[in-house]
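Below is one structure, written out as structure tokens; comments come after it.
One-based numbering along the sequence shown. All values derive from a computational prediction rather than experimental measurement.
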Amino acid sequence: LEAVSQCMRLAEEYEITQLLVMATSALREAPNGNKVIHKIEELIGQGVTVLSGTDEARLTFLAARRWYGWDAGRLLVLDIGGGTSEVALISMTGIAVSQSVRVAGDAMNLAVQHYLREAFRLEVGENTAENVKKILGAALPQNNSLRLEVSGKDLVYGGPRVVTVTEGDICEALHDPVQAVVETVLRALEQAPPALAADVYDNGLLMAGGGALLRGLDQCIARATHLK
């Protein structure tokens, strides 16, 4: 809400009279999402447009066309957000194929929490799990062996405890959510009409969203799909 307030102050400063306010579907799906959206609407005095997953993929496509050049053909877009991962094969005439899976950044955080509970008997909060994911997370085993000291609650004795977690540990923890994303991309490719396959092969896969920053994810998908 503070960020929205800052944007409103900037709009007043620059005498902007028309605003288009959009929120991602992850906000609506959050436990308190509708309440937050209502507070934002009260703050700005107008409605908030909540984007669907395909809306987000379409916006990514428009940005990508500007990157590739306006003469670019069809693009296969993978948008990994907080709650869902959206795959869409898009052209200027619309979305030819789309696939969605409720596995994304939040599911990866939960996978890290579950792994630390099972392997180390350590309970950590979501923020700690997300930080571990950002530092050690990888879709494929990496050459450099990173380590991180992680603190949490010892599930055996109940007190605080610190354990050393490796990059390999978190790579193993993220195996299932990563595979779910890869399989979603494969399903979209299977449904793609043959006429669009050439452009997809030439342009490759465009990844967007915070989850796309996971190290090695591009290589993992490339191995499974043979796309660049």
Side-chain angles (χ1 to χ4, degrees), residues 24-26 51-112 115 133-134 136-144 146 167-228:
T24 65
S25 57
L51 302 174
S52 68
T54 51
D55 289 334
E56 295 176 44
R58 188 178 289 110
L59 290 174
T60 303
F61 164 73
L62 293 175
R65 282 185 67 87
R66 192 166 187 85
W67 176 265
Y68 282 109
W70 289 108
D71 59 340
R74 291 86 172 182
L75 290 175
L76 186 65
V77 176
L78 168 60
D79 183 3
I80 307 176
T84 61
S85 294
E86 308 284 344
V87 184
L89 176 54
I90 314 177
S91 69
M92 286 303 290
T93 58
I95 296 178
V97 175
S98 67
Q99 285 286 324
S100 177
V101 62
R102 294 185 66 84
V103 174
D106 294 343
M108 294 180 187
N109 296 342
L110 290 173
V112 172
Y115 183 87
K133 178 190 70 178
K134 288 179 178 179
L136 298 179
L140 293 172
Q142 304 292 305
N143 293 330
N144 53 331
L146 297 176
E167 187 178 54
D169 291 327
I170 304 307
C171 182
E172 181 180 345
L174 296 177
H175 176 269
D176 287 352
V178 166
Q179 283 303 115
V181 172
V182 171
E183 289 168 7
T184 304
V185 175
L186 289 172
R187 286 199 303 272
L189 289 172
E190 289 172 359
Q191 294 180 7
L196 306 185
D199 279 343
V200 171
Y201 181 79
D202 290 339
N203 293 329
L205 171 69
L206 179 75
M207 299 198 304
L213 298 175
L214 183 69
R215 281 175 301 144
L217 182 58
D218 55 344
Q219 302 168 37
C220 184
I221 294 175
R223 289 184 183 181
T225 62
H226 306 292
L227 294 175
K228 59 185 179 181

query: Taking side chain as C-beta onward, heavy atoms only, is Ser98 less than 4.5 Å from Ile90?
result: no

message: The criterion is salt bridge (charged side-chain N to carboxylate O under 4.0 Å, His left out); which residues satisfy it with Arg102, sequence neighbours excluded?
response: Glu29

message: Using every non-hydrogen atom in the two residues, find where Val97 and Pro193 come nearest and quote the distance to one decimal.
response: CG2-CD, 4.0 Å

statement: The side-chain contact (heavy atoms from CB on, under 4.5 Å) partners of Thr225 (sequence neighbours excluded) come to Val185, Leu186, Leu189, Ile221, Leu227

- prompt: Within the side chain of Ser85, is there an N or O that forms a donor-acceptor pair under 3.5 Å with the backbone of Val101?
  reply: no

Which residues share a side chain to side chain donor-acceptor pair (under 3.5 Å) with Asp169, sequence neighbours left out: Tyr115, Thr166

task: Apply side-chain contact (heavy atoms from CB on, under 4.5 Å) to Leu213 and list each qualifying residue two or more places apart in sequence or on a separate chain.
output: none

query: Quick one: does Leu146's side chain get under 4.5 Å of Arg215's, heavy atoms only?
result: yes

statement: Residue pairs passing the side chain to side chain donor-acceptor pair (under 3.5 Å) test with at least one member in residues 185-194, sequence neighbours excluded, are Gln99-Arg187, Gln99-Gln191, Thr184-Arg187

query: side-chain contact (heavy atoms from CB on, under 4.5 Å) with Ala208: which residues, sequence neighbours excluded?
result: Thr60, Asp79

message: Show the nearest heavy-atom pair for residues Gly83 and Asp106, with the distance to one decimal.
response: N-OD2, 4.0 Å

- request: Determine the minimum heavy-atom distance between Cys220 and Leu140, stating which atoms define it.
  value: N-CD1, 3.7 Å

Least distance between heavy atoms, Ala173 atom then Ala111 atom: O-CB, 3.5 Å

- request: Among Leu214, Val112, Val103, find the one that has a side-chain contact (heavy atoms from CB on, under 4.5 Å) with Pro177.
  value: Val103

message: Show the nearest heavy-atom pair for residues Ser100 and Thr84, with the distance to one decimal.
response: OG-CB, 4.3 Å

Ile80 side chain near Leu217 side chain, heavy-atom distance below 4.5 Å: yes

